[in-house]
Number of protein chains: 2
Amino acid sequence: MAKRLTQQDIARMAGVSQATVSLVLNNRTDGGVRIAPETRARVLEVIRRTGYVANPIARRLHDQRNRILGVFTYEAVFPSTRADFYQPFLEGIEEQAEVAGCDLLLFTSAKATEGKRRIFSDDSRIRLADGCVLLGRSIDRDDLAQLVAEAIPFVSIGRRDDAGGPVPHIGADYRAAVRDLVDRSVALGHRRFAYVGAGTGAESSADRLRGFKQAVAAHGVEGTHVQFAGLGQLLDAGITAVLAEEVSDGAALVLAARQRGLSVPGDLSVLTLGAATRPAPDDIGLTGFRIPRREMGRRAVQALTEVLEHGTTPQELLACEFVEGTTLGPRRAQG
Amino acid sequence: MAKRLTQQDIARMAGVSQATVSLVLNNRTDGGVRIAPETRARVLEVIRRTGYVANPIARRLHDQRNRILGVFTYEAVFPSTRADFYQPFLEGIEEQAEVAGCDLLLFTSAKATEGKRRIFSDDSRIRLADGCVLLGRSIDRDDLAQLVAEAIPFVSIGRRDDAGGPVPHIGADYRAAVRDLVDRSVALGHRRFAYVGAGTGAESSADRLRGFKQAVAAHGVEGTHVQFAGLGQLLDAGITAVLAEEVSDGAALVLAARQRGLSVPGDLSVLTLGAATRPAPDDIGLTGFRIPRREMGRRAVQALTEVLEHGTTPQELLACEFVEGTTLGPRRAQG
DNA sequence: TCAAGATGCTAATTCGAATTATTACAGGGT
DNA sequence: ACCCTGTAATAATTCGAATTAGCATCTTGA
């Protein structure tokens, strides 16, 4: 197989030294470096002819930066079961990477152990890239702590609690978004709420539940939290508005209610909080909010650029947009 | 920022040389390498205490391999408009890359010129990877020729004509697939066929048309080729079976026929040849064949591995699977 | 007791590119 | 002839780990 070209090869062809090639390549004119125009032209011509590109590995070894940004996901990126979830983030990431003139490295080599990938295994390749975007609902806390401890440049998509230090992230402002939904519902007369979903574990779940609790407290209305949706139980408790963390749970509630001959939103309002770990029907028109996934991807790459250039620790929550839908209505005047 | 530990540091702490640390780390026992058990233990203890991990960059520099496979597409990968097309290929690519223990590099830095990316522009980063998979309906012929000329390890997804030499590729066997459709149709009594579509330009189009022509010739039946579908014109010509290159064209024909009060496949059989450059409705149940996209992605990565290891030029066409559908039926006995 | 062989480790080199220090050589002034 | 200055290029070193050749030191056996 044709061996890969090195600067030494280019140098030989152009009749100069390897150092000269490097200087020409990097367009160095500072620090008393001078290259005669004709020499420069000769070297550039050889480079053009051969299509030579500096070995990123060697480059990275010497200094920092090879214009490669890593993307780490805890599951495979492409399988269509995951596509709906990852896709919008990746769109934003790709878009901004193109703007930044960087290539994207997908860490597919990280072998899955017990179904989950780990960043730090026997042979972590994370440092191949200049920096890294982390994607996934929940991220291993040990991995996160090690990233922070080793000062590896990275940005998490999704807010993360401290892990031995602040974790740079671009998240969605679930607290504000959930509060907004409660506000709207209260304005429509609702006084008894239920939050259906985990509400714990991943930061995104915790944030939603926190927003819910803040909002019901602020309005002085009733709000309960249950892990799973039991329609009868909710109705018995006199609840008129349900906030379902998972989209599929929200959809299931709407269908169950209608099967009982109830009207949504006439008898019960159902709101969804956008979590999508399971596929859900999309023809129900659930009221809720849109997670700015694409924008989060874009901002994450921008933030990573800042980390790389200034060593900062950006943390930002992006606003979610209200989605009108058809499942929120005024509370029915009750007997 | 705490500087990263090196083997030299570990060596100092354990009172041995850097070489010894390397030998212990790689568990080398071959080629007359011997390390006393207690020395080994001492080094391992220091490694354990410090949490040292070998710098992958330095490691790759030495190995001449960076275990990075490139993926080049002429359009952005992730935008959802393209998702249906690229997705299955990428699934296969990712799957096999994981098996091979390689990471995937998406060439997002290749700026688009006139809406199309080019592999070889000012500053091609194609050589960042060990090898490269090319994806896209049509690939710039100059790019292709240069890849061949420079002996850059790559594999095209989709058959390609020679470009200054044979082009390594994993394609779909469109000729066989189209012949099969004609065979089935002839068996059902059809004698007058039309091929609707480009039939030229990209290799994939040419292969389909070639299969069509071979089949009608073999059966001694009538077969015409038109670029665009005019339903009336087809019916006037007494055609009873249409093969539409584009799925969307096939779907349009079915809808147009039914709008005229005709039955498909009662009055006209419509077959599709799987090209999907435009979105098409998927609820029509067109008869045709399935392009093994995922498998092609997998095989392409395998083939690339072979190219890298043995410098071969693999060329392979994978079989397409017949899809029953509802738009092919026996020719109606005509007055 | 001394060569032969086994054992345990290290010095030195390699990979490819970036950078610094240094050399080589021209022409100008005295 | 000599020094100085500017210009143009190169030699040598660096990064971190892997590898090979080779140097000590210690056992054996005759």
Side-chain angles (χ1 to χ4, degrees), chain A residues 3-44 46-47 50 52-68 122-128 130 150, chain B residues 2-44 46-47 50 52-68 123 125 127-130:
Chain A
K3 214 194 77 220
R4 191 196 171 101
L5 284 174
T6 70
Q7 279 192 353
Q8 194 60 254
D9 298 323
I10 304 297
R12 251 190 302 274
M13 295 186 215
V16 296
S17 71
Q18 175 263 325
T20 304
V21 176
S22 172
L23 294 174
V24 169
L25 208 60
N26 295 27
N27 213 14
R28 288 275 309 271
T29 50
D30 57 303
V33 170
R34 282 173 297 263
I35 305 288
E38 57 266 29
T39 306
R40 177 182 299 275
R42 190 152 32 92
V43 172
L44 285 175
V46 175
I47 290 174
T50 55
Y52 167 82
V53 182
N55 183 333
I57 301 294
R59 186 173 235 158
R60 185 77 169 87
L61 179 61
H62 186 270
D63 45 42
Q64 226 97 216
R65 293 186 77 82
N66 45 29
R67 297 209 149 279
I68 292 178
D122 320 333
D123 175 23
S124 172
R125 314 233 307 147
I126 195 90
R127 283 179 188 271
L128 277 179
D130 289 341
E150 295 192 15
Chain B
K3 214 194 83 225
R4 195 194 164 92
L5 283 173
T6 71
Q7 279 192 356
Q8 195 60 254
D9 298 324
I10 304 297
R12 251 190 301 275
M13 294 187 216
V16 296
S17 71
Q18 175 264 322
T20 302
V21 176
S22 173
L23 294 174
V24 168
L25 208 60
N26 295 31
N27 213 13
R28 288 276 307 274
T29 48
D30 56 304
V33 170
R34 282 174 297 264
I35 304 289
E38 57 266 29
T39 306
R40 178 182 298 275
R42 189 151 33 93
V43 172
L44 285 175
V46 174
I47 290 173
T50 55
Y52 167 82
V53 181
N55 183 337
I57 301 293
R59 188 174 244 164
R60 291 309 156 205
L61 177 61
H62 190 270
D63 297 354
Q64 299 285 64
R65 260 296 244 288
N66 47 37
R67 299 207 149 278
I68 292 177
D123 173 25
R125 314 232 309 152
R127 286 171 195 272
L128 284 178
D130 290 339

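The sequence lines fix the lettering, A, B, ..., with proteins before strands; numbering per chain opens at 1. The analysis underlying the following values was restricted to heavy atoms, covering all of them including side chains, and did not include hydrogens, waters or symmetry mates.
Nucleotide dA17(D) holds its P atom 9 Å from the CD1 atom of I10(B), rounded to whole Å. Distance L61(B) CG to dA17(C) P: 9 Å, rounded to the nearest Å. The separation between R12(B) atom CZ and dT10(C) atom C1' is 15 Å, rounded to whole Å.
A search for side-chain contact (heavy atoms from CB on, under 4.5 Å) contacts involving I68(B) returns L105(A), R125(A), L128(A), N66(B), L105(B), A129(B), not counting sequence neighbours.
The nucleotide whose nearest atom lies closest to any side-chain atom of A58(A) is, among dA17(C), dG16(D), dT10(C), dA17(C).
In this structure, CD on Q7(A) lies 5.0 Å from CD on Q18(A), to the nearest 0.5 angstrom. I10(A) CD1 to I47(A) CD1: the interatomic distance, rounded to the nearest 0.5 Å, is 6.0 Å. Between the CZ atom of R59(B) and the CG atom of L61(B) there is a distance of 13.0 Å, given to the nearest 0.5 Å.
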Can you list the steps and then say if T6(A) with N55(A) is a side chain to side chain contact (heavy atoms under 4.5 Å, CB included)?
-> CA-CA 8 Å; T6(A) 70; N55(A) 183 333; over 6 Å; no
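Side-chain contact between L5(B) and M13(B): present, with at least one pair of heavy atoms (C-beta onward) separated by less than 4.5 Å.
Axis deviation across the helix from dT1(C)-dA30(D) to dT30(C)-dA1(D) amounts to 80°, comparing end segments of five pairs, rounded to 10 degrees.
Near DNA chain C, meaning a heavy atom under 4.0 Å from it, residues 34-43 of chain B has R34(B), I35(B), A36(B), T39(B) in order of number.
Looking at every heavy atom in both residues, V16(B) comes nearest to R42(B) through CG1-NH1, 4.1 Å.
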Could you go through residues 20-39 of chain B and list every donor-acceptor pair under 3.5 Å that involves a side-chain atom there, pairing it with any protein atom two or more places apart or in another chain?
{"residue": "T20(B)", "atom": "OG1", "partner": "S17(B)", "partner atom": "OG", "Å": "3.1"}
{"residue": "N27(B)", "atom": "OD1", "partner": "R40(B)", "partner atom": "NH1", "Å": "3.2"}
{"residue": "R28(B)", "atom": "NE", "partner": "D30(B)", "partner atom": "OD1", "Å": "2.9"}

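The salt bridge (charged side-chain N to carboxylate O under 4.0 Å, His left out) contacts involving residues 16-27 of chain B comprise nothing, where partners must be two or more places apart or lie in separate chains.
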Scan nucleotides 18-23 of chain D against the protein and return all N/O pairs shorter than 3.5 Å with their distances rounded to 0.1 Å.
{"residue": "dA18(D)", "atom": "OP1", "partner": "R59(B)", "partner atom": "NE", "Å": "2.8"}
{"residue": "dA18(D)", "atom": "OP1", "partner": "R59(B)", "partner atom": "NH2", "Å": "3.1"}
{"residue": "dA18(D)", "atom": "OP2", "partner": "Q7(B)", "partner atom": "NE2", "Å": "3.0"}
{"residue": "dA18(D)", "atom": "OP2", "partner": "S22(B)", "partner atom": "OG", "Å": "3.2"}
{"residue": "dA18(D)", "atom": "N7", "partner": "Q18(B)", "partner atom": "NE2", "Å": "3.1"}
{"residue": "dA18(D)", "atom": "N6", "partner": "Q18(B)", "partner atom": "OE1", "Å": "3.2"}
{"residue": "dT19(D)", "atom": "OP2", "partner": "R28(B)", "partner atom": "NH1", "Å": "3.2"}

